[in-house]
Amino acid sequence: MSDSFYVYLAAPLTDLPAQYLANVALMSRMSRDLMRAGYIPINPAADMLEGLMSDEALTIDLYQSRSMALLELLRGCRRAALFVIRLQHADGRPSTGVRDEIANAQAWGIPVVTTRPELARLREATE
């Protein structure tokens with residue numbers, strides 16, 4: 001669709017099990033909210049289901065490399081953005097994964113936003 005606007009969600013994921021689940025919930029709520037608002041979100045936390053349905057554990061590196069490949073799909077896309085939900089883990093540690101996503105998005109020419117109004121302005125500017 002020509003009016004589609006893709007949004008890759010970035011927030012810390014890997015952490016202690018309880019915090020991981022809270023991170024997945026946060027990203028999934030944002031994904032649903034964005035869908036309702038007419039965006040097409042790319043939610044890296046959705047791979048939790050694949051982890052649950054697997055007979056063998058996948059490595060964090062494999063999950064992270066796939067997430068980065070999903071972000072790279074937006075390279076050259078005029079109607080797309082990386083939306084940073086949170087930069088730090090719950091305990092205040094910086095998320096190296098989110099920082100890597102931001103760095104790659106900037107290198108690939110994907111706009112980076114941190115608020116919903118900023119995202120809305122970007123979508124309007126590309127209509």
Side-chain angles (χ1 to χ4, degrees):
M1 298 175 85
S2 62
D3 61 343
S4 298
F5 195 99
Y6 300 92
V7 182
Y8 181 96
L9 302 176
L13 267 173
T14 56
D15 211 336
L16 299 175
Q19 189 58 46
Y20 171 76
L21 294 175
N23 293 338
V24 168
L26 172 70
M27 293 178 75
S28 296
R29 274 192 309 273
M30 180 62 74
S31 181
R32 291 173 57 90
D33 288 348
L34 290 173
M35 279 190 277
R36 286 187 198 107
Y39 294 94
I40 301 171
I42 298 171
N43 180 6
D47 63 14
M48 179 184 157
L49 281 178
E50 291 168 0
L52 289 173
M53 297 300 164
S54 177
D55 293 340
E56 64 180 73
L58 297 175
T59 65
I60 289 174
D61 289 340
L62 186 57
Y63 283 120
Q64 289 173 338
S65 66
R66 183 180 71 170
S67 292
M68 203 61 77
L70 290 171
L71 174 60
E72 191 174 9
L73 288 172
L74 302 182
R75 187 179 198 164
C77 182
R78 188 178 72 80
R79 294 182 49 81
L82 170 78
F83 183 19
V84 179
I85 301 169
R86 186 181 294 155
L87 281 167
Q88 298 176 320
H89 291 276
D91 65 4
R93 288 177 297 121
S95 170
T96 56
V98 174
R99 295 202 188 282
D100 289 347
E101 289 167 330
I102 292 168
N104 283 335
Q106 290 170 334
W108 296 331
I110 301 166
V112 177
V113 299
T114 58
T115 67
R116 289 287 296 272
E118 201 178 3
L119 182 61
R121 284 191 299 275
L122 182 61
R123 179 167 66 172
E124 289 171 12
T126 60
E127 288 182 345

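For the single chain, residues carry numbers from 1 onward in sequence order. For the numbers below, each heavy atom of this structure counts, side chains included, while hydrogens, waters and symmetry mates do not.
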To the nearest 0.5 angstrom, please state how far the [atom1] atom of [X] sits from the [atom2] atom of [Y].
X	Y	atom1	atom2	result
Tyr39	Met30	OH	CE	10.5 Å
Asn104	Met68	CG	CE	4.5 Å
Gln64	Asp100	CD	CG	8.0 Å
Thr115	Ile85	OG1	CD1	12.5 Å
Thr114	Leu82	OG1	CG	10.0 Å

Are any non-hydrogen side-chain atoms of [X] and [Y] less than 4.5 angstrom apart?
X	Y	answer
Glu127	Asp3	no
Phe83	Leu34	yes
Leu9	Ser31	yes

Review point. Met27 and Leu13: side-chain contact (heavy atoms from CB on, under 4.5 Å), yes or no, with the steps?
Key: CA-CA 9 Å; Met27 293 178 75; Leu13 267 173; 3.8 Å; yes
Locate the shortest heavy-atom distance separating [X] from [Y]; write the atom from each residue and the value.
X	Y	answer
Glu101	Ala11	OE1-N, 4.5 Å
Ala37	Arg116	CB-NH2, 3.7 Å
Asn43	Ala45	OD1-N, 2.9 Å
Pro111	Leu122	CB-CD2, 3.6 Å

Point to revise | Test item: side-chain donor near acceptor, Arg78 and Thr126, under 3.5 Å | key: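 Result is no, nothing qualifies.
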Review point. Of Val112, Ile42, Ile110, which is the lone residue that meets side-chain contact (heavy atoms from CB on, under 4.5 Å) with Tyr8?
Key: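 With Tyr8 as partner, Val112, Ile42, Ile110 yield a single side-chain contact (heavy atoms from CB on, under 4.5 Å), made by Ile42.
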Point to revise | Backbone of Tyr63 reached by a side-chain donor or acceptor of Ser67 within 3.5 Å | key: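 Yes; judged by distance alone, with no hydrogens or angles, the pair exists.
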Exercise for review: Please check if the side chain of Arg86 supplies one atom and the backbone of Pro12 the other of a donor-acceptor pair under 3.5 Å.
Suggested key: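 Flag not set: sc Arg86 to bb Pro12 has no pair under 3.5 Å.
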Review point. Is the number of heavy atoms from other residues, nucleotides or ligands under 6.0 Å of Arg32 CZ greater than 12?
Key: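 Counting other residues, nucleotides and ligands, CZ of Arg32 stays at 12 neighbours or fewer.
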**Study point:** Leu119-Met35 co-clustered via ILVMFWY side chain contacts under 4.5 Å
**Key:**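 No.
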Exercise for review: Please step through side-chain contact (heavy atoms from CB on, under 4.5 Å) for the pair Asp33 and Arg36, ending with a clear verdict.
Suggested key: CA-CA 5 Å; Asp33 288 348; Arg36 286 187 198 107; 3.1 Å; yes
